[in-house]
Amino acid sequence: MRPLLPACPGSLVLVTSRSWLPGLATLHPPMLKLDVFDDDAGLALLRTALDGRVDAEPDAARRLVTLCGGQPIALAITAARLATRPRWTLTHAVTAVTDGGEHLSNISDGGVSVQDIFDLAYDALDPGSARLYRLLGMCPGPDFSTAAAAAAGALPVADTATHLTTLVDAHLLDDDGGRYRFHDLLRRHAAQRCRIDDSDAERAGAVRRLTEWYLDAAIAADLVVMPLRHRHGPRYPAAHAHPPAYPDSSAALDWLESHLNNFLAVLHAATAHRWWQLVWQLCEALWGLFLYRKHFEQWIAAHTLGIHAARTAGDPVAEARLRVQLGIAHLTLHDHDTAAPLFADALRLAHDAGDAHTQATAREHLGLVARDRARHEEALEHFERALALNETLHDRRGIVLTERRIGETLAATDRHPEALPHLRRAETLAGKLGDTVLLARARTSLTRTYLALDAVTRRRRSQELVWEIQRFVLAPLVGTGGRGRECLVTRL
């Protein structure tokens, strides 16, 4: 291309390409990457070709821009097609795509289609990059990291990074700071190529590998968020052998939260593939994220899938644990009528399966429902039975939780002296465990109880003082009909 560049001063050359041209970069021209159009730019392009039709149907026009993914070539071909069909409304064009089965990538202007343009870029790829492009088109989730892409492609991370760079340079992928994503039309093209060029087993294998990668990544983060929690999933023992994946629980939660949409997409894909074991394990691994970051809509949706998966897989312990986790969402939302049956079913399943850990957890949360309903004796019974189970299991974390629950319930019924030993034990054990969250909660409850107990002590002392005053000071005033006593006591 260099010999074609004019040498005379004052000349201007505009070179466009779907891929970068590093040979021209050495001449120091300005290099601009053109992104997809936003809504306003897309509407402007349609308006240029269609005049007043855009302003006559603004909602349909915006919908077309969205369906085109902001891709200039898709918008240009769509506009050209509509320009040659003046009787078509924009609403008709949208309906043809959304309801009629036609897709914009297959639409042409009579000569070239969007699919043809994408095929040109695809055909120029090396075999390794083309294969990864196809497999990624089948994978769920709005974006993916290099490590996730490596898992999907069953490739070394270094090779994957090279292929991703090739795809970005060919404008088949976008790189958003290490998180890669397709535009919608390109994802469809990649998936279409995968259905043509790869077998069913290869496609399913890519999704399975990606699902397992997300599961292992969630487990690694979960072990940092809640290192002492009892788990049922079979992949946890091996994960325990590795050093912590994050410096602290906040960093682990941030990572999980940043990938939440990917986790949900993977859950739905695993459900569609009937990989029941992976579905419920993903729910268990995401527990810390849902508990601490409170994404209730996603929490409930994920656990609805997880419970169905555990039941279908024939794992009553997993089902019981997920019922408790789902019940906690409803309990936190103060929906006790939904939470209570979930905890009761979990207790029954865990009892029948002989799982004492989940029985203790289910009883603890049945106690919380009872306590919220002001049925304090019923709550204490559940907490005490949960404590007995945890003592038998030597589950120190469970002991801390149930001792605190007992102490808080006793304090709620003004039995503060009885509450103190339970709360002191919870504080001591939490400190020995090194669980800062449990320790903070135990100390908070203990402090409240001390303050309340001190208030009771002051009140009792004040009452004692009043009686002393009545006895020694007000006795001579009895003849006044008690009025002097009433006035002095009121002042006190």
Side-chain angles (χ1 to χ4, degrees), residues 18-19 69 71 73-74 97 101-108 112-176 179-217 259 261-279 282:
R18 285 195 56 83
S19 58
Q71 292 277 348
I73 184 64
V97 173
E102 188 175 36
H103 198 274
L104 283 167
S105 61
N106 296 325
I107 293 175
S108 73
V112 67
S113 70
V114 178
Q115 178 89 12
D116 295 331
I117 300 297
F118 292 163
D119 281 341
L120 286 174
Y122 171 78
D123 291 340
L125 296 173
D126 64 90
S129 297
R131 173 182 174 272
L132 184 61
Y133 172 75
R134 297 193 306 270
L135 294 180
L136 290 175
M138 299 301 302
C139 290
D143 57 30
F144 43 86
S145 64
T146 302
L155 294 168
V157 171
D159 292 348
T160 303
T162 300
H163 293 317
L164 291 173
T165 298
T166 299
L167 295 175
V168 170
D169 288 347
H171 298 287
L172 294 172
L173 273 183
D174 277 345
D175 180 2
D176 185 14
R179 298 276 288 270
Y180 298 88
R181 66 176 64 242
F182 284 106
H183 289 298
D184 289 343
L185 294 180
L186 283 164
R187 178 187 290 276
R188 185 179 189 277
H189 177 261
Q192 206 171 51
R193 296 297 318 191
C194 195
R195 293 187 186 96
I196 294 170
D197 297 339
D198 300 297
S199 67
D200 291 344
E202 288 170 318
R203 291 193 293 273
V207 179
R208 175 90 185 199
R209 289 190 298 270
L210 185 67
T211 302
E212 292 184 344
W213 182 87
Y214 273 111
L215 173 57
D216 289 334
H259 287 272
N261 288 335
N262 288 324
F263 280 115
L264 293 174
V266 165
L267 268 171
H268 282 284
T271 300
H273 282 280
R274 306 172 69 84
W275 297 330
W276 308 123
Q277 293 285 347
L278 296 182
V279 173
L282 275 164

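All values reported here derive from a predicted model rather than from experimental measurement. Note that these values count all heavy atoms, side chains included, but never hydrogens, waters or copies made by symmetry.
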Report the residues that fulfil salt bridge (Lys or Arg N to Asp or Glu O under 4.0 Å) with Asp176, sequence neighbours left out, ordered by chain and then residue number.
none
Go through the structure and list residues passing side-chain contact (heavy atoms from CB on, under 4.5 Å) with Ala148, not counting sequence neighbours.
Phe144, Ser145, Leu210, Trp213, Tyr214
From CG (Leu136) to CG (Leu164), nearest 0.5 Å:
6.5 Å
Tightest non-hydrogen contact, residues Ala149 and Leu132, listed as O-CD1, 3.8 Å
List the atom pairs, with distances to 0.1 Å, where a side-chain N or O of residues 269-279 and a protein N or O form a donor-acceptor pair under 3.5 Å, not counting sequence neighbours.
unit_1	atom_1	unit_2	atom_2	d
Thr271	OG1	Leu267	O	2.8
Gln277	OE1	Trp280	NE1	2.9

For residues Ala170 and Ala121, report the shortest heavy-atom separation together with the two atoms involved.
O-CB, 4.4 Å
Contacts of Arg195 that satisfy salt bridge (Lys or Arg N to Asp or Glu O under 4.0 Å) - sequence neighbours left out:
none
Scanning both residues in full, the closest heavy-atom pair of Gly141 with Asn262 reads CA-OD1, 3.3 Å
For Arg131, check side-chain hydrogen bond (donor to acceptor under 3.5 Å, both in side chains) against everything at least two apart and list the hits.
none
Please enumerate all residues that pass salt bridge (Lys or Arg N to Asp or Glu O under 4.0 Å) together with Asp198, with sequence neighbours excluded.
Arg134
Taking the side chain as everything from C-beta on, heavy atoms only, tell me whether His268 gets closer than 4.5 Å to Pro140.
no
Search all heavy atoms of Arg187 against all heavy atoms of Gly137 and return the closest pair with its distance.
CG-O, 3.9 Å
Given the rule in the side chain to side chain contact (heavy atoms under 4.5 Å, CB included) test, do Tyr180 and Asp143 qualify, once you have shown the distances and angles that lead to the verdict?
CA-CA 5 Å; Tyr180 298 88; Asp143 57 30; over 6 Å; no
Test of understanding: with side-chain contact (heavy atoms from CB on, under 4.5 Å), list the residues that count as partners of Asp123, not counting sequence neighbours.
Asp119
For Arg203, give me all partners under salt bridge (Lys or Arg N to Asp or Glu O under 4.0 Å), at least two apart in sequence or on another chain.
Asp200
Asp175 side, atom CG; Asp169 side, atom CG - distance, nearest 0.5 Å:
10.0 Å
Verdict with supporting geometry, Asp174 and Phe182, side chain to side chain contact (heavy atoms under 4.5 Å, CB included)
CA-CA 6 Å; Asp174 277 345; Phe182 284 106; over 6 Å; no
One should read off an interatomic distance between Leu264 CG and Leu282 CG, to the nearest 0.5 angstrom, of 10.0 Å
Val207 and Thr211: side chain to side chain contact (heavy atoms under 4.5 Å, CB included), yes or no, with the steps?
CA-CA 6 Å; Val207 179; Thr211 302; 4.1 Å; yes
Looking at CG of Leu135 and NE2 of His163, how far apart are the two atoms once the value is rounded to the nearest 0.5 Å?
11.0 Å
Tabulate below the donor-acceptor pairs under 3.5 Å that side-chain atoms of residues 152-162 make, not counting sequence neighbours, or state none.
unit_1	atom_1	unit_2	atom_2	d
Thr160	OG1	Pro156	O	2.9
Thr162	OG1	Ala158	O	3.3

Tyr122 meets the ring pair (Phe, Tyr, Trp, His ring centres under 6.0 Å) criterion, sequence neighbours left out, with Tyr133
Those residues that, when tested against His259, pass ring pair (Phe, Tyr, Trp, His ring centres under 6.0 Å) (two or more places apart)
Trp255
Under the criterion side chain to side chain contact (heavy atoms under 4.5 Å, CB included), I'd like the reasoning laid out for Leu172 against Thr166: C-alpha separation, chi angles, the key distance, then a yes or no.
CA-CA 9 Å; Leu172 294 172; Thr166 299; over 6 Å; no
Arg209: partners by side-chain hydrogen bond (donor to acceptor under 3.5 Å, both in side chains), with sequence neighbours left out:
none
Spacing of Gln192 atom CD and Leu185 atom CG [to the nearest 0.5 Å]:
11.0 Å
So how far is it from Leu173 CG to Leu186 CG, rounded to the nearest 0.5 Å?
8.0 Å
